[in-house]
Every structure is written in structure tokens, then in C-alpha cells.
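Have a look at the structure below, then the notes.
Values in this document were obtained by computation on a predicted structure and should not be read as measured data. For ligands, and for the atoms within them, numbers begin at 1 and follow the listed sequence.
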Amino acid sequence: MIRPEQLLCPRPEGLYCPPGDFFIDPTRPVDRAVITHGHADHARAGHGRVLATQATLDIMAVRYGADFAGAVQAMAYGEVANVGGVEISLVPAGHILGSAQAVARWKGMTIVVSGDYKRRRDPTCAAFEPVPCDVFVSEATFGLPVFRHPPDADEIGKLTASLAQFPERTHLVGAYSLGKAQRIIRLLREAGWDRPIYVHGAMERLDALYEAHGVDLGPTAPASAAGLGDLAGEIVIAPPSAIADRWSRRFADPVTAFASGWMRVRARARQGGVELPLILSDHADWDELTATVAELSPGELWITHGREEALARWAELNGVPARPLSLVGYEDEDT
Ligand SMILES: [Zn+2]
Ligand SMILES: [Zn+2]
């Protein structure tokens with residue numbers, strides 16, 4: 001049996017596979033990259049060749065332009081490619097549209113790099129699929145027991161209750177423009193909100209891309225086109241940065257909401273002037289992280305970034321040797 005480091009090892013650019021000569025989610029331009037999903041800390045422009053799901057390639061083209069890489073190869077979930085004798089496949093990660101775990105197999109060794117993931121249902125993407133492996137590579141963004149995300153329906157319920165209570169106020173929801181924004185729109189539709197939802201210009205092309213991939217967002221309209229005062233009692237979704245700047249002053253007496261796993265920390269909501277914190281995250285919470293490690297029971301757990309120590313200690317106590325990698329360059333998209 002080979003050692004895991006022969007198949008995958010941390011380098012300054014990211015996780016490197018020597019026999020296949022490729023990186024997974026490299027943070028610097030490389031010759032050959034496997035990309036787990038479209039968030040900017042994982043998917044960067046300028047690689048020679050990129051292997052990813054079609055949705056991830058489409059997201060990269062929207063964000064960086066069609067020439068974001070020298071060459072691209074789209075892989076469907078479950079399809080297997082051979083790169084330098086290493087078998088690569090992509091399996092749903094449940095994080096955002098197109099997100100995948102990268103599964104590398106070589107000489108009887110299987111390593112799964114989950115990228116970012118969550119376990120709860122998300123109506124905008126395929127659900128996480130557990131893959132038995134020798135090494136599971138996990139994030140730990142919310143790797144502390146204090147981080148427990150409540151049911152999504154409860155958080156969406158807070159928003160609709162506020163709309164019923166303050167029908168004269170615009171409800172301005174800060175949400176990351178890739179993944180979170182579209183998920184909130186879908187969850188609102190499931191909760192019965194059938195009015196047009198107004199979106200910031202930064203989201204329009206990504207919304208269209210989700211629609212093109214079969215995610216029905218219902219009626220949406222550009223927030224900028226609406227006249228002042230028109231949006232009383234309506235929902236506007238915008239990136240967190242737009243909520244904080246002049247852009248948001250056009251709305252009369254808005255209720256400011258922010259959808260993020262960090263909203264569990266009350267001080268953070270207060271500091272940001274958030275009136276209506278919504279605890280909605282695209283990352284696994286503590287229970288999802290530990291349940292995943294328990295379910296997979298891998299030979300080793302490698303932790304890429306986040307609150308690595310607590311998850312590593314939990315894994316060791318539960319019989320799974322753990323190794324914090326402390327990779328630089330990855331961060332939660334909400335921070
Ligand atoms: Zn991500
Ligand atoms: Zn990330």
C-alpha cells in the first residue's frame with residue numbers, strides 16, 4: 001500500500017497530485033487544475049487546463065470571461081477521467097450549483113477532497129454523496145460546537161414574519177451573490193413567496209445561469225430599475241458590500257437582513273448593523289462535520305482550513321487520525 005502523500009500532498013499552491021501532475025483548487029495559476037466549485041477562493045483564472053463540472057466551468061466563464069483558462073474539460077458527476085494513471089471523478093458536494101468533491105484513486109488508495117460542502121438539503125444543487133475513502137479532506141469553516149445552523153425553514157420564516165409585520169418597509173437581504181442568493185430565492189418560493197424578488201445587478205448573470213441549469217427562481221427583477229419607494233414590503237437581495245454602501249440608501253426605511261452562518265454570533269450581527277440576522281450557511285455546521293467524519297470513518301482526516309484544531313481533536317477522540325493542513329488562501333465567502 002502506498003502512503004497518502006504519494007497521491008496528494010500540500011504545496012504552497014494547494015493540494016498537489018505528483019503522479020497525475022495536477023492541483024486541486026490551487027490558489028495560484030498552475031498548468032493543470034481540478035476545480036471543486038466556482039467560489040473565487042477555489043476557482044481562479046489563469047490555469048493552463050481546468051477539469052470541473054460544466055456548471056463550475058460556466059460560473060468561471062461568467063466571472064472571469066470565456067478565456068479564463070487555456071483549455072477546459074467538463075466532467076459529469078460520476079464520470080471517471082484518467083490523468084497520468086490517476087483516476088479522477090467528481091461527486092456532488094451539496095455546497096452550490098455544480099459543486100463537487102474531487103475523488104482521486106491510485107494504486108488502491110482513495111482520497112476525497114470535499115472542497116466546501118454541507119449535508120442539509122439545498123434546492124439549488126445536488127446533495128452531498130458520501131464516498132468511502134482512505135483519506136477524507138474536509139474544510140472546517142464552522143468547526144466549533146457553538147456553530148449549529150438551525151433549520152432553513154425557521155430562518156426563512158423569520159424573514160416572511162418580518163414582512164408581514166412591517167409591510168411598509170423594504171426588506172434588504174445581504175447574501176453572497178453565488179449560491180446563497182439563489183438558495184434564498186428558492187427557499188422563499190418553497191415558503192410560498194410568489195411576488196417578484198428584486199436583485200442587485202451583481203447577481204443577475206448568476207441568477208440567469210442557475211435558471212439555465214434548471215433552478216427555477218420564479219419572477220425576479222433588477223432592484224436598480226425600481227423607482228424610489230416602490231419596494232415597500234418587497235424583498236431585495238444584494239451582496240453584503242452593497243448593503244453597507246450608498247447603494248442601499250435608495251430604499252426607504254429598510255429592514256436590513258444578512259444571511260450567513262456567522263449570524264450565529266450575535267456580536268457580529270450587531271457590529272454589522274444587521275437588524276434581522278438569518279443563520280443560513282452553505283457550509284457544514286459542527287454537527288454535519290462530525291457526522292460526516294463518523295459516517296465515512298476514513299483512515300485519516302485532513303483538514304484544509306477553518307477551525308481546524310477542534311475538529312481534529314474530535315476526530316482523534318473518535319479514532320480517526322487527523323492532520324490540520326492550514327492551507328492558505330481559502331476563506332469563507334461571507335467573511
Ligand atoms: Zn465555497
Ligand atoms: Zn471555500
Side-chain angles (χ1 to χ4, degrees), residues 10 12-15 23-28 33-45 47 50 52-53 55-60 62-64 68 77 90-102 112-129 136-144 147 149 152 174-184 202-203 206 209-210 213 215 239-241 259-263 279-286 288-289 292 301-308 311 324-335:
E13 303 94 324
L15 288 168
F23 287 85
I24 299 175
D25 291 354
T27 56
R28 301 176 197 172
V34 175
I35 305 290
T36 61
H37 68 284
H39 280 147
D41 52 333
H42 300 257
R44 297 177 195 249
H47 303 307
V50 168
T53 63
T56 294
L57 295 173
D58 291 349
I59 289 165
M60 292 176 80
V62 162
R63 301 188 121 188
Y64 303 130
F68 66 86
Y77 290 132
L90 300 176
V91 174
H95 178 55
I96 62 168
L97 179 72
S99 66
Q101 308 172 74
V112 173
V113 179
S114 56
D116 293 334
Y117 68 100
K118 67 176 175 294
R119 301 301 303 269
R120 67 190 58 209
R121 175 182 168 276
D122 179 338
T124 68
C125 67
F128 178 98
E129 284 178 19
F136 183 64
V137 185
S138 178
E139 56 145 326
T141 302
F142 292 109
L144 285 176
F147 291 114
H149 309 324
D152 301 341
Y176 191 74
S177 46
L178 170 58
K180 187 74 61 65
Q182 295 79 20
R183 181 169 159 226
I184 288 172
M203 292 164 181
L206 290 166
L209 195 148
Y210 268 65
H213 280 269
V215 179
S241 57
S260 165
W262 300 110
M263 290 298 100
I279 306 167
L280 280 165
S281 177
D282 287 325
H283 295 266
D285 67 3
W286 175 254
E288 292 170 65
L289 290 168
T292 302
L301 173 70
W302 294 0
I303 308 168
T304 52
H305 64 291
R307 312 303 172 276
E308 297 168 64
L311 183 59
L325 301 179
S326 306
L327 295 184
V328 175
Y330 301 111
E331 57 196 17
D332 173 45
E333 49 281 356
D334 285 337
T335 49

Closest N/O/S atom of His95 to the Zn ion (ligand 1), by atom name?
-> NE2
Name of whichever N/O/S atom of Asp116 is nearest to the Zn ion (ligand 2) = OD2
Can you name the nearest heavy-atom pair linking Lys118 to His95, along with the distance?
-> NZ-O, 3.0 Å
Metal proximity, His39 vs the Zn ion (ligand 1), N/O/S cut-off 2.8 Å = yes
His283 backbone or side-chain N/O/S under 2.8 Å from the Zn ion (ligand 1) | no
For the pair His149 (side chain) and Asp282 (backbone), establish whether a donor and an acceptor sit closer than 3.5 Å, ignoring hydrogens and angles.
-> no
Which value, rounded to the nearest 0.5 Å, describes the distance between Cys125 atom SG and Tyr210 atom OH?
-> 7.0 Å
Does any non-hydrogen side-chain atom of Ile35 lie less than 4.5 Å from one of Pro26?
-> yes
